[in-house]
Each structure stands twice: as C-alpha cells, then as structure tokens.
Amino acid sequence: MRALVTWALAGMARERGMTAATIGGVGAALFLVLFLDGVFAGVSERIVDYVREAGADVWVMEDGVFNMHMATSMLPEERASDVAAVPGVASTSSILYVTASLRAGDEDHHSYVVGLSRRSARGGPWKMRSGQSMPGRGEAIIPVEIGARDAIDVGGEVEVLGKKLRVVGLSAGAFSMANSITFVAEEDLADMLSMHGRVSYVLVEAEPGVAPAELAARIRREVSGVNALPRDEFVENDREMARQMGAEVLGAMRWIALVVGGLIAAFAVHAGVARKQRQVGIALALGYRSRAVETALALQAVLTVVAGFAAALLLTIAVAPLIEALVPELSIMITAGAVARLGAGAALTGALAAILPAWMAARVDPAIVFRE
Amino acid sequence: MRAPRSSPAFPPWIAWRSLAHGRARTGLAALAIAASIALVLLFEGLAVGLYRQARQLPSSLPADLVVVQAGVENMLGSRSVLPGIAREHVESVRGVRAVHPLTGAPLIFRHGVHATPIFVIAYDTAGGPASLLEGRPIERAREVVFDAALARTHGLRPGDEVEILGHAFTLAGLSLNTTSMFNPYVFVRVDDVLDIALERAAEGETDPEKLQGLGLSYLLVQLDPAADARAVRAAIEAAEPDGDVLTPAELAEHDEARTRRIMGPILRVLVGVSWAVAALAVGLTLLASVSSRLRGFAVMKALGASSARLGATILSEALALVAGGAAIGLVLGRAAAMVLAEVLPKYPIEAWAPPVLLRSLAGALLAAAVGALLPFRSLGALDPAVVFRR
C-alpha cells in the first residue's frame, strides 16, 4: 500500500506538466465558482450599505412603504416631531430622498439623492475620502468612484435635477452596481422637488436598553400615517428589492457556474487519473490488490482537488482586489461560508471523478502490460 | 504519396479511431468542452438579451416624436414630469397630427409577501401594450395589464385582483416585450389614475403630490405625413420650453446606453471571466487528451509518421472534439437559458443569438487548437525509443 501511495505521488511529481495542467483545470473551474459567489455576495451587500451604515436603529417612513430602494416616501415634517416624542426614542434625524440622475462631466449616474439637514446627526456619509461630510446650500458630496471616473475633485461641479452644485466632499463606500449616493443640503433638494415642510425618512436612535423591534412597533402604534421598521428588517427589505433588480441573476449564474465548474473539475481529475491505466495493469500484474490500487488513485484525485482548491482560493484572493480597482461597481466578498461550500463541492466532485477510474482500475486486465 | 482517406495513415481517420477507442475519455472531454461553451453562451447571451430588452418598450412607442421633461433622456430609471399645459403647446405646432398623453412612474408592487419594483404607465388614446400573451386589452374601469414575466413571478393570471396605487384593479391581460430587469412595465388607463386622485381629494387628502395622480410624463406626437420631422421637432422645443423632444429610437438608444452603464462593467467582468475559464478548460482538456497518448504518437513517429502528419492528426482530433462539444454545448446552453427563463423570467438570455454563437465557437476552436498543439513541441522532440521506455 505504502509503495502504491509513493507511486501515485512520484507519478504526479514526475509528470509535472500534466499535473500542473490538471490542477490548473480544477483550479480554474473552482475559481469560477468562488468568484461568482464573491460577486453575488459583494454586490448584494454593497447595495444596502447606506441603509445599514446610516446609523438608525429604527427607520420611519410613509405608511405603505417598506424600504428605500426605488421607493417614494413623503411625510409631513410634524411626523418627525411626533416620532421624537415617542417613549424610548433617544434622538431623530430626518432626510429627504429621491432617486435621480447625477450628471458628472458628460456622464449620468443613477443616484440616491439624500438631502441632509444640519440638525441631522445621522443619514450622512459614513466614510469620507476627502473634503467635508456635511453639504451646505449649493454643495454636494459625491462618491469618490464617480469623482475618479469623471475627473471631478473637491471644488468641481455636478448637476442634480437641473441644479449645478459644487462638490465639497468625496465619500467612500457609497457606490454600487445599482446606485450611487449623492448628499446635498435638505433645503436644496426641497427646492428642486418643490417640496418644503416634508421629509422622506426619519432615522431613529433608540434609548439604551430599548429593543429596536419593540420601539418600531410602538412608533407604528402611536404615530399615525407612518410605517416603522427596525434596521435589520429595513435592510432585508432593501436587499430583497435590490436583488430583484439585477443581483438575483448573479445568484442564478452562480449555480450554473457550480454545475459547469463541477463538470470541468471532474473531467480534469478523471483525465489525470485515467492516464494511469497501464501502470495500474503493471501494479496488478505484480500482485497488488485492486483495493490498494483504487486507494492510490483516489489519493491522487484528492490531492489534485485539494491543490486545485488552494489554487482557486489564492487566485481569487489575488484577482479580486485588482478587479475591484478596475471596476469600482463590482464588490467581491469572499465569505467563509462560500469557501466552505466550495470545499465541500470540490470534495464531492473529486470523489465522483475518482470513482470511475477506480472502478476502471479494478477491472484492468494485468495482461494489458503485454498488449501495449 | 498521399494516404487514401480510408487508410489508417489518413490523419482524420486516425483521430476518429482514437476518439472511438477511448469512448469514456472522449465523452468526458466533449462534456467538459460543452460545459465551457454553454457557460460562455449563457453569460454572453445574458448581456445581449439585457441590452435588447432595454430598447423594447421605448422603440415600440406609437409615435414619431416623444416629448419628455427637459433634461430627461430616458424612460428607464427616470421620472419625467411635464406641465399640464404642455399638451396644448405641442398640439398648436404646425405639422402635429395627434398628441397622446402618457404618464409613467416607478412604484413598488406588493402581492402577498412579495414586493417588486415596477414602472406604471398610464395611457389614454395610445401608448398601451403593443401585444398580449394572454387575456385582453383594458376595456373597463380599474383594469390593468401586467408584463407577462412580472405576472409569472407573482403567479398572477388574467382575472386576478391586484393592488395598484392603493386601489384594487383587475388583471385584464399579460403583455409581451414589456419586461425590464429593473422594473417591469404595468399599464393602466389615465382615467383610472385621475379617478383615484379625485377620490383622494374627496376623502380629504391635501397632499398636492397625491392629488396630482401620477402627473403628465410624456407626450406621444404623431406627425402629418408631409411634415418635416426636424422642423416640427424644433418648433415643439420652442413651443414647450419645459420639454425636450426625442424620437422613440433615441429613447431606446438612451435606455440601452443606461443599461450598459449600470450592468456593462459587471457583465464585462463576468463574460471575461467565463471566457478565460472556458478557454482554459477547453485548452487543458485537449492538452490532457493529447498528452495522455504521447506514447501512441511516439509509436506513429517510430513507424515513420512525419511531424506534420502527427500535427494534422492532433488537430483533427481537436476539431472533432470541439464539434461534438459545441453541439452538446449549444443544447446545454439553450436548455439552461430556458430553465433560467422559467425561474427568473425578467432576465432574457439570448444564448443562440448569432454573434454569441459565432464568438463562442471561434473562441472554443482557438483554445482547442492552442491546447492541442501545446504538446506538439515535445512531440517534435520525442525520441521514438520512448515507446520502449513507457
């Protein structure tokens, strides 16, 4: 048995080119699966960054509205005061919000335009690359990715809803496949929309010890005409909405990649092992038992898959930041769950791919040695 | 002297015999190539389908010109609001035969526990769904036509009741070519929208946004047959300073461009990665297939076969494998696209679009040729004595 294991390993080492090619095939297939999984996870998360990072424990909006992505919510300003008076509310911040085009240079970008009041402690950019984090009248904060793409720095000019605004800050993490986030002064956005005395969302901070779900239910009970949701539920609703606008197809493609990757990996492993048929014949002619030969071949398949898995992991880790730098709309998130799933899938693929050669090995006629 | 076609020395014949001999290996190799080709077909087909989908609705508008809010260039993902007086302004322009108001707004449709972003189009005399898959056009008050893919997603059929703008509507029909990956189109009559606004006023609603209904978004302009479209366009822009004038083709072009801007970068990466993996897989498949039979080729060389003949044999084998793999790959790609269309009907995958097919096949052939000929150098330097060593 030991001799056969040595034989399997030595064979892999001797045929370095073929071994590398086989591992490369398995690695490429597994890379595809891991990469798509990372893209799906990254895009799904990036789309909800704003609602997650805005700093609210509870989101309050117009009754009948459940999320932010593509939604329209308008509340009379007094509702924000009503919400602030609910027991358990530590503080509130209001934002005005509309989905509109941001014109930067010659390009239009689909954007969440968020109107911030100087009184608001929440709802603004959560990470700044440069400039200031609160826009005044006639000012805007745009994502750094748009600034880079359209050569606009602090001091440059953009246009929102027909109004020219001076860029005073570049924010980080506010740019995704589905949207970018532009922060402007609430008064400016109210002027643009001819909508004074209104807010879109009220961001609520709960008092210490007050559960967000409980507070949201209390706000729904005590303030008329509003819906209130704890952050996690609001984020989940937004993720579901965004998922339906493009991300879900990535999810489906991920499964297809898994099937295709599995097939390619299975072939690569099988090809690597099936080439040993004549050597198997020699081993059997020398009196080794077929179970030992099968084990040696299975070991070779497992080693190939493990090496391919490692290659896929390293390649993804190396390539992901490069692609993210080249394509800022793309966010690639390699999660431990995805790596574990891929590992399990690879193990299954390797096992299945090794079964056929092992089965073939068991049936090899030792006389093959003399025929070929 | 050339070998006859039935001769064992004829390269395609040897390649064919070799493939037939190792049936399991050949089958698996063809399947790996097929899977790679299907992968590329799916990703490329998705890109082609999405861009074509973006053009469908605007390009089918029954108008010579479309008036939109000044500065708005798209239907997709944009809200256009025109002043109510705009219709009179446009109708007063010489050369205009008819003007049809159209209203459009993005909304979120909820049915059961599912919510989906949609784009509601309220039409009056023109601009409704151009073709129906099932059911009938709107004939009565409070009826609605849903995009067929949207209806399928929510399990809706004609006759079902749905809630739009906070009111109950009956689903009259399911429309075709009105899907959008961002927000599928839903059609209602303008009269119903106005009725809803009036009802709200009667109930004491004071919010001007809600009382305006969805407002006026677009004007579909039909011209006199003899009119000079360019001159009429300029005259409309002068008569209605709050509006811009576009042709349906221009709107379609802008919507496609917007889809390319939003989805293009990510699709390019996905297509690129699928190409890289597929090319690698096809190349390595051929490399593995050829390398595993170096001994056989060495025998041929020992028997006097020239390097050119060996190369021709290998290429013949690659061609046969790619042809077989491509045939299976086309079927696999199409089948996967059909399955996806059932599961996610909003996303059109045109896996069999001619440019997609051509690119995929050409790419597979190139990768196969490279993969097959990579071991060729070692074959050229191969010592016939290897026959006795291996």
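Residue numbering restarts at 1 for every chain, and letters A, B, ... go by the order of the sequence lines.
- Interatomic distance, CG of B/Leu107 versus OG1 of A/Thr72, reported as 7.0 Å (0.5 Å rounding).
- Neither the backbone nor the side chain of B/Gln69 comes within less than 4.5 Å of any heavy atom in chain A.
- A 4.5 Å side-chain heavy-atom check between A/Val327 and B/Arg268 finds every atom pair outside the cut-off.
- Heavy atoms of A/Glu159 lying under 4.5 Å from chain B are absent altogether.
- A donor-acceptor pair is defined here as one N or O able to donate and one able to accept, closer than 3.5 Å; no such pair exists between the side chain of B/Arg261 and the backbone of A/His109.
- Heavy atoms closer than 4.5 Å to chain B are found in the side chain of A/Val39, but not in its backbone.
- To the nearest 0.5 Å, atoms CD1 (B/Ile108) and CE (A/Met70) are separated by 7.5 Å.
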- Take B/Val277 and A/Phe35 through the side-chain contact (heavy atoms from CB on, under 4.5 Å) test and state the conclusion after the steps. CA-CA 11 Å; B/Val277 170; A/Phe35 181 78; over 6 Å; no
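- Using a 4.5 Å cut-off between heavy atoms, A/Asn237 does not touch chain B at all.
- For A/Leu250, the part sitting under 4.5 Å from any heavy atom of chain B is the side chain, from C-beta outward, and nothing else.
- Looking at A/Val65, neither its backbone nor its side chain comes within 4.5 Å of chain B, counting heavy atoms on both sides.
- Summarising the geometry of B/Ser274 relative to A/Leu32, their closest heavy-atom pair is CA-CD1, 4.4 Å, with the distance given to 0.1 Å.
- Annotation: maximal heavy-atom pairing with chain B below 4.5 Å, among A/Leu36, A/Thr99, A/Ile323, occurs at A/Leu36.
- With a 4.5 Å cut-off on non-hydrogen atoms, B/Arg258 touches chain A through its side chain but not through its backbone.
- Here the closest heavy-atom approach between residue A/Gln244 and residue B/Thr116 is recorded as OE1-OG1, 3.0 Å.
- Neither the backbone nor the side chain of B/Ala257 comes within less than 4.5 Å of any heavy atom of chain A.
- With a 4.5 Å cut-off on non-hydrogen atoms, B/Ile33 does not touch chain A at all.
- Interface check for chain A: of the options B/Gly283, B/Ala32, B/Ala276, B/Pro265, the most heavy-atom pairs under 4.5 Å are formed by B/Pro265.
- Per-residue heavy-atom pair counts under 4.5 Å with chain A were compared for B/Ala115, B/Gly71, B/Pro106, and the maximum is reached by B/Ala115.
- You'll find the side chain of A/Phe31 reaches within 4.5 Å of the side chain of B/Val273, heavy atoms only.
- The contact between B/Leu344 and chain A is made entirely by side chain atoms (from C-beta outward), counting heavy-atom distances below 4.5 Å.
- Only the side chain of B/Leu280 comes within contact range of chain A, with heavy atoms under 4.5 Å apart.
- A/Leu161 does not touch chain B: none of its heavy atoms, backbone or side chain, sits under 4.5 Å away.
- Contact annotation for A/Val249: both backbone and side-chain heavy atoms come within less than 4.5 Å of a heavy atom of chain B.
- Only the side chain of B/Leu270 comes within contact range of chain A, judged by heavy atoms closer than 4.5 Å.
- Chosen from B/Tyr347, B/Phe182, B/Phe43, the residue pairing most often with chain A at heavy-atom distances under 4.5 Å is B/Tyr347.
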- Task: Start with the C-alpha gap between A/Leu326 and B/Val269, add the side-chain angles, then the distance that decides, and say whether side-chain contact (heavy atoms from CB on, under 4.5 Å) holds.
- Result: CA-CA 10 Å; A/Leu326 288 171; B/Val269 169; over 6 Å; no
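- The contact between B/Ile349 and chain A is made entirely by side chain atoms (from C-beta outward), counting heavy-atom distances below 4.5 Å.
- Both the backbone and the side chain of B/Ile262 have a heavy atom closer than 4.5 Å to some heavy atom of chain A.
- Within a 6.0 Å sphere centred on NE2 of B/His114, other residues, nucleotides and ligands contribute 12 heavy atoms or fewer.
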